[in-house]
A.B. asks: 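Quick one: the structure is below, and I'll ask about it shortly.
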Amino acid sequence: MKIAVCMKQVPATSQGDMDKKTGVMIRSGLQAIVNVYDLAALEAALRIKEQCGGVIHVFTMGPDKAEMVLREAFAMGADEGYLICDKAFAGADVLATSYTLTQAIKSVDDYDMILCGRQTTDGDTAQVSGAIAEWMQIPRVNWVTGIEVKDSERLKVEYCMEHRMVTASVMFPCLLSVERNCFPPRMPSLKLKISGRKKTIHRITLNDLNDQNPEHYGLKGSATRVKRIYPPERTSKQELVYMEKEKAAVYIADILKEILEGESVC
């Protein structure tokens with residue numbers, strides 16, 4: 001079983017600013033962590049490997065410091081790591097990011113399965129995984145809560161729809177995006193962490209891809225632009241009250257009414 005896992009380095013905080021000219025988030029100076037949803041995808045890959053054997057290759061797109069993502073993946077049990085790093089890839093939106101990941105994955109091997117997290121904490125679009133599957137023209141299943149390999153040609157997956165759980169049979173090759181709560185990541189192994197420091201991280205640049213047209217990547221290959229980035233508003237008013245449930249209901253209703261009337265005036 002050959003499994004590719006897409007992972008991303010994201011800011012550890014929701015506070016951030018953007019380049020007013022390009023609309024790209026300014027990440028310099030921000031503490032970076034591994035996207036928590038992608039750790040679930042790696043955990044799912046490790047469980048499949050334990051079930052039927054195989055290799056796990058992790059792909060991450062970003063600057064040199066994104067090597068941290070691959071080192072953490074090694075500590076959990078990944079076999080190989082690929083850093084997709086080139087100035088031509090900078091400033092990519094969902095379309096360009098998914099295309100770059102697709103080209104990078106294809107440049108390495110033909111995989112039986114590609115696993116992604118549900119979304120990232122910095123963009124929250126949850127669109128990259130579906131776009132990769134579309135570029136590759138392979139079946140995909142989102143919101144996956146359970147995976148069982150049946151044989152060399154197919155697997156059984158459980159996934160969550162809005163009001164029900166669904167069980168489906170999916171043929172290889174395929175792409176799955178998994179639910180975070182169903183695949184809690186294991187603790188990194190000290191032994192693997194030490195050995196992972198010595199592992200070679202493979203670098204993928206524009207020159208390694210089949211499509212080397214710079215117009216298809218980064219800002220040039222992006223179909224959208226970000227107009228504004230801002231943190232969510234936080235209220236400074238905090239109030240703690242104790243009262244009977246009937247009075248509490250009236251109290252809350254009065255507050256909501258006041259808020260709605262204020263919004264209608266604006």
Side-chain angles (χ1 to χ4, degrees), residues 4-38 41 57-70 73 81-108 114-138 140 142 175 177 201-232:
V5 181
C6 297
M7 302 181 69
K8 185 182 180 182
Q9 185 182 59
V10 296
T13 174
S14 61
Q15 302 293 324
D17 203 351
M18 64 174 281
D19 186 310
K20 294 181 180 179
K21 184 177 180 181
T22 63
V24 175
M25 184 175 184
I26 300 173
R27 299 174 184 268
S28 58
L30 295 178
Q31 181 186 354
I33 59 173
V34 180
N35 179 47
V36 292
Y37 293 95
D38 296 340
H57 293 181
V58 174
F59 292 81
T60 190
M61 179 176 160
D64 290 335
K65 67 177 184 178
E67 285 190 359
M68 176 269 288
V69 174
L70 302 175
Y82 295 85
L83 176 62
I84 308 166
C85 184
D86 195 302
K87 289 183 179 179
F89 304 150
D93 68 351
V94 168
L95 180 69
T97 296
S98 62
Y99 186 70
T100 306
L101 286 166
T102 299
Q103 288 290 311
I105 292 171
K106 284 185 173 181
S107 73
V108 176
I114 301 172
L115 292 175
C116 302
R118 174 175 178 164
Q119 62 196 68
T120 58
T121 56
D122 58 348
D124 285 328
T125 64
Q127 295 173 347
V128 170
S129 60
I132 293 173
E134 190 66 23
W135 286 117
M136 290 193 169
Q137 289 295 288
I138 59 176
R140 70 179 185 272
N142 298 328
L175 183 147
S177 67
I201 289 178
H202 310 285
R203 298 178 69 90
I204 298 177
T205 66
L206 182 63
N207 293 332
D208 299 309
L209 306 182
N210 183 51
D211 179 5
Q212 298 181 10
N213 186 345
E215 297 294 322
H216 297 162
Y217 303 94
L219 277 173
K220 294 180 180 179
S222 297
T224 60
R225 294 288 188 275
V226 176
K227 293 183 67 174
R228 186 162 66 105
I229 293 177
Y230 57 92

A.B. asks: Side-chain contact, heavy-atom cut-off 4.5 Å: V34 with M7?
C.D. replies: yes
A.B. asks: Answer yes or no: is there a side-chain heavy-atom contact under 4.5 Å between Y82 and V108?
C.D. replies: yes
A.B. asks: Could you tell me whether the side chain of N35 and the main chain of Q119 form a donor-acceptor pair under 3.5 Å?
C.D. replies: yes
A.B. asks: Is it true that D64 and R203 have a side-chain N and a carboxylate O under 4.0 angstrom from each other?
C.D. replies: yes
A.B. asks: Rounded to the nearest 0.5 Å, what separates atom CD in Q103 from atom NE2 in H216?
C.D. replies: 9.5 Å
A.B. asks: Which atom pairs, one a donor and one an acceptor, fall under 3.5 Å between side chains of residues 85-96 and the rest of the protein, sequence neighbours left out?
C.D. replies:
| residue | atom | partner | partner atom | Å |
| --- | --- | --- | --- | --- |
| D86 | OD1 | A88 | N | 2.9 |
| D86 | OD2 | L206 | N | 3.1 |
| D93 | OD1 | L95 | N | 3.1 |
| D93 | OD1 | A96 | N | 3.0 |
| D93 | OD1 | S222 | OG | 3.3 |
| D93 | OD2 | A223 | N | 2.9 |
| D93 | OD2 | T224 | N | 2.9 |
| D93 | OD2 | T224 | OG1 | 2.8 |

A.B. asks: Using a 4.5 Å cut-off on heavy atoms from C-beta on, say whether the side chain of R140 contacts that of E134.
C.D. replies: yes
A.B. asks: Atom CD1 in I201, atom CD in E67: separation rounded to 0.5 Å?
C.D. replies: 4.0 Å
A.B. asks: Are S129 and N142 packed together at the side-chain level, in the sense that at least one heavy-atom pair is separated by less than 4.5 angstrom?
C.D. replies: yes
A.B. asks: With the side chain counted from C-beta on, respond yes when F59 and I114 share a heavy-atom pair under 4.5 Å apart, and no when they do not.
C.D. replies: no
A.B. asks: Check A41 against L115 and note the closest heavy-atom contact, atom names and distance.
C.D. replies: O-CD1, 3.7 Å
A.B. asks: Within this structure, what is the CH2-CG distance for the pair W135 and L175, rounded to the nearest 0.5 Å?
C.D. replies: 15.0 Å
A.B. asks: In Å and rounded to the nearest 0.5 Å, what is the CD1 to CD distance from I33 to Q31?
C.D. replies: 7.5 Å
A.B. asks: Using the side chain to side chain contact (heavy atoms under 4.5 Å, CB included) rule, take V128 and L101 through it: C-alpha gap first, then chi angles, then the decisive distance, then the call.
C.D. replies: CA-CA 9 Å; V128 170; L101 286 166; 3.9 Å; yes
A.B. asks: Between the side chains of S107 and D208, is a donor N or O closer than 3.5 angstrom to an acceptor N or O?
C.D. replies: no
A.B. asks: Are any of the side-chain heavy atoms of Y37 and K8 separated by less than 4.5 Å?
C.D. replies: no
A.B. asks: Would you mind reporting whether M68 and Q9 have side-chain heavy atoms less than 4.5 Å apart?
C.D. replies: yes
A.B. asks: Scan side-chain atoms only and decide if D122 and T120 contain a donor-acceptor pair under the 3.5 Å cut-off.
C.D. replies: yes
A.B. asks: Which pairs count as salt bridge (Lys or Arg N to Asp or Glu O under 4.0 Å) when at least one residue sits in residues 97-108, sequence neighbours excluded?
C.D. replies: none
A.B. asks: Could you measure the distance from the OG1 atom of T100 to the CG atom of L209? Nearest 0.5 Å is fine.
C.D. replies: 7.5 Å
A.B. asks: Look up atom CD1 in I132 and atom OG in S98, then write down how far apart they are to the nearest 0.5 Å.
C.D. replies: 6.5 Å
A.B. asks: Is there a side-chain contact between L83 and L70, using heavy atoms and a 4.5 Å cut-off?
C.D. replies: yes
A.B. asks: Any idea which heavy atoms bring I105 and C6 closest together, and the distance?
C.D. replies: CD1-SG, 3.9 Å
